[in-house]
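A short write-up of the structure that comes next.
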Amino acid sequence: MSSENTFHYALSSNNAWAGYKAHQNPQFFPKLAGGQSPEILWIGCSDSRCPETTILGMQPGDVFVHRNIANIVSPTDINTTAVIEYAVAHLKVKHVVLCGHSACGGAAAALSDARVGGVLDTWLLPLKTVRFNHAEELDAITDDKERTIRIAQLNVEAGIRVLMNNATIREAIAERGLEVHGVFFDIGCGRIKELGCGTAHKSSHAGHDHVVRGKHGQLVFGQDGEAEIAAAQ
C-alpha cells in the first residue's frame, strides 16, 4: 500500500469508526465535545507500537497523554512540564503513569557509541547518562535484547525520580493522594507490568484475582499482577 493510499485508508477508517461509535452510543461524541475529565496522565514513548488508549483497553477521553522519543522525562523540558502542570493542577488526574517499552530504538541508540545525528543526540543525553550511571550492571548483560530492555526500565526509574521531585506532583501527592506509577510495556506479548517505583511499590492486584469488566472484554488480574483477557459476557 502506497503512503497516499495509507492516508486515504486512515480517513476512510475514521469515517467508519465515527459512524460505528455514533450508532453504538449517540451521546458519545456530544459528551466528548462537552469537556474532558481523565483520571490518568500517561507519559510514554512516541513509538507507533505503543498506543496508550488501545493497550489499556480504554476510550477517547479516558487518558491525557504526553509522548516523546524514548519517554524521557527531563526537568528542563518545558513541554513535559506544561503537560504535567495542566493534567495534575487543572484536570486533577488521579494517576501519573510513566511507561517504557521493549524494543525501544532510543534505548538501543543510547547503548551505542555511534552518533544518531541532529537534535536526537542532544535529546538522548539523559538516556546516555542512565547508561553511564549503570555501566557495570548493563555491561554485565551479554544479550543485546535484554540489555536494551534493562536500560529502558532504568530510564523509567530515572524519570520517576524526576516526576517525584516535580513541585506540582509533590503538592498533589500531599494534598489529594495523587499516585505515580512506573510501568513497562512488553511489545512482544502486549502486557504492561509495574516496575515498583513511584508512590506505590506493590501492585494493588497482588495476592488475589481481580476481574475488570472493560469495554473490550474482561481483564483478569492474577496473583502476579498481570492481566489476561477473558471472553466478554
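Predicted model only: the values in this text are computed from it and were never measured.
The 12-atom threshold is not exceeded at CD1 of Ile78, counting heavy atoms of other residues, nucleotides or ligands nearer than 6.0 Å. For Lys94, the NZ atom counts as loosely surrounded, since its 6.0 Å shell holds 12 or fewer non-hydrogen atoms of other residues, nucleotides or ligands.
Ion pairing between Arg49 and Asp47 holds under the 4.0 Å rule for side-chain N and carboxylate O.
Applying the side chain to side chain contact (heavy atoms under 4.5 Å, CB included) test to Glu136 and every residue at least two apart in sequence or in another chain returns nothing. With sequence neighbours excluded, the residues that form a side chain to side chain contact (heavy atoms under 4.5 Å, CB included) with Asn79 are His66, Asp77, Val83. Residues passing the side chain to side chain contact (heavy atoms under 4.5 Å, CB included) test with Val162 are Val73, Pro75, sequence neighbours excluded. His23 meets the ring pair (Phe, Tyr, Trp, His ring centres under 6.0 Å) test with no other residue; sequence neighbours excluded. Qualifying side-chain hydrogen bond (donor to acceptor under 3.5 Å, both in side chains) partners for Thr76, counting only residues two or more places apart in sequence or in other chains: Ser74. For Leu32, the side chain to side chain contact (heavy atoms under 4.5 Å, CB included) partners at least two apart in sequence or on another chain are Phe28, Phe29, Pro60.
Among residue pairs with one or both ends in residues 25-42, none qualify as side-chain hydrogen bond (donor to acceptor under 3.5 Å, both in side chains); sequence neighbours excluded. Counting only residues at least two apart or on different chains, the ring pair (Phe, Tyr, Trp, His ring centres under 6.0 Å) pairs with a member in residues 92-128 are His95-His181. Counting only residues at least two apart or in different chains, ring pair (Phe, Tyr, Trp, His ring centres under 6.0 Å) contacts with residues 153-176 are absent. Applying the side-chain hydrogen bond (donor to acceptor under 3.5 Å, both in side chains) definition to pairs two or more places apart or across chains, none involves residues 166-178.
Follow the hydrophobic side-chain contacts under 4.5 Å out from Val156 and you never reach Ile69; the two are in separate clusters. Residues Val63 and Phe185 fall within the same hydrophobic cluster, defined by Ile, Leu, Val, Met, Phe, Trp and Tyr side chains chained together at heavy-atom separations under 4.5 Å. Hydrophobic cluster membership differs between Ile192 and Leu98, with clusters built from Ile, Leu, Val, Met, Phe, Trp and Tyr side chains linked at under 4.5 angstrom. With hydrophobic clusters built from ILVMFWY side chains whose heavy atoms lie under 4.5 angstrom apart, Leu111 shares a cluster with Leu154.
Heavy-atom minimum distance, Ser48 versus Pro51: O-CD, 3.9 Å. Of all heavy-atom pairs between Val88 and Ala172, the closest is CG1-CB, 3.5 Å. Counting all heavy atoms, side chain and backbone alike, Phe184 lies closest to Ser102 at CZ-N, 3.3 Å. Contact record, Cys45 with Asn71: CB-OD1, 3.5 Å, taken as the closest heavy-atom pair. Of all heavy-atom pairs between Leu127 and Ala110, the closest is CB-CB, 3.7 Å. For Val130 against Leu138, the heavy-atom pair with the smallest separation is O-CD1, 4.5 Å.
Using a distance-only test at 3.5 Å, with no hydrogens or angles considered, no donor-acceptor pair links the side chain of Ser13 to the main chain of Tyr9. Side-chain atoms of Asn165 come within 3.5 Å of backbone N or O of Arg161 as a donor-acceptor pair. With hydrogens and angles disregarded, a donor-acceptor distance shorter than 3.5 Å links the side chain of Thr199 to the backbone of Val180.
Contact of the Tyr86 side chain with the Leu91 side chain is registered, since non-hydrogen atoms from C-beta on lie closer than 4.5 Å. Between Glu52 and Arg67 the shortest side-chain heavy-atom distance falls below 4.5 Å. Between Val97 and Val183 the shortest side-chain heavy-atom distance falls below 4.5 Å. Side-chain contact between Ile40 and Val93 is absent, with no heavy atoms from C-beta onward closer than 4.5 Å. Side-chain atoms of Asp121 and Leu125, non-hydrogen and from C-beta on, never get closer than 4.5 Å to each other. You'll find the side chain of Arg147 stays beyond 4.5 Å of the side chain of Asp139, heavy atoms only. In this structure, Ile72 and Pro126 have side chains that are in contact, with non-hydrogen atoms separated by less than 4.5 Å.
With Leu41 as the fixed residue, the side-chain contact (heavy atoms from CB on, under 4.5 Å) test singles out one of Leu163, Leu178, Ile169, Val96: Val96.
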For Lys193 and Asp186, what are the C-alpha separation, side-chain angles and deciding distance, and is it a side chain to side chain contact (heavy atoms under 4.5 Å, CB included)? CA-CA 8 Å; Lys193 71 174 182 179; Asp186 186 340; over 6 Å; no
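Taken from CD in Gln153 to CD1 in Ile151, the straight-line distance is 11.0 Å, to the nearest 0.5 Å. The structure places OG1 of Thr129 at 10.5 Å from CG of Asn155, a figure rounded to the nearest 0.5 Å. Summarising the geometry, atom CG belonging to Asn5 is positioned 11.5 Å from atom OG belonging to Ser12; distances are rounded to the nearest 0.5 Å. Note: Arg150 CZ to Ile141 CD1 = 7.0 Å, rounded to the nearest 0.5 Å. A distance of 7.5 Å separates OG in Ser112 from CZ in Arg131, rounded to the nearest 0.5 Å.
Under a 4.5 Å side-chain heavy-atom criterion applied to ILVMFWY residues, the cluster that includes Val119 comprises that residue alone. Other members of a hydrophobic cluster containing Phe132 are absent, since no ILVMFWY side chain comes under 4.5 Å of it, directly or through relayed contacts.
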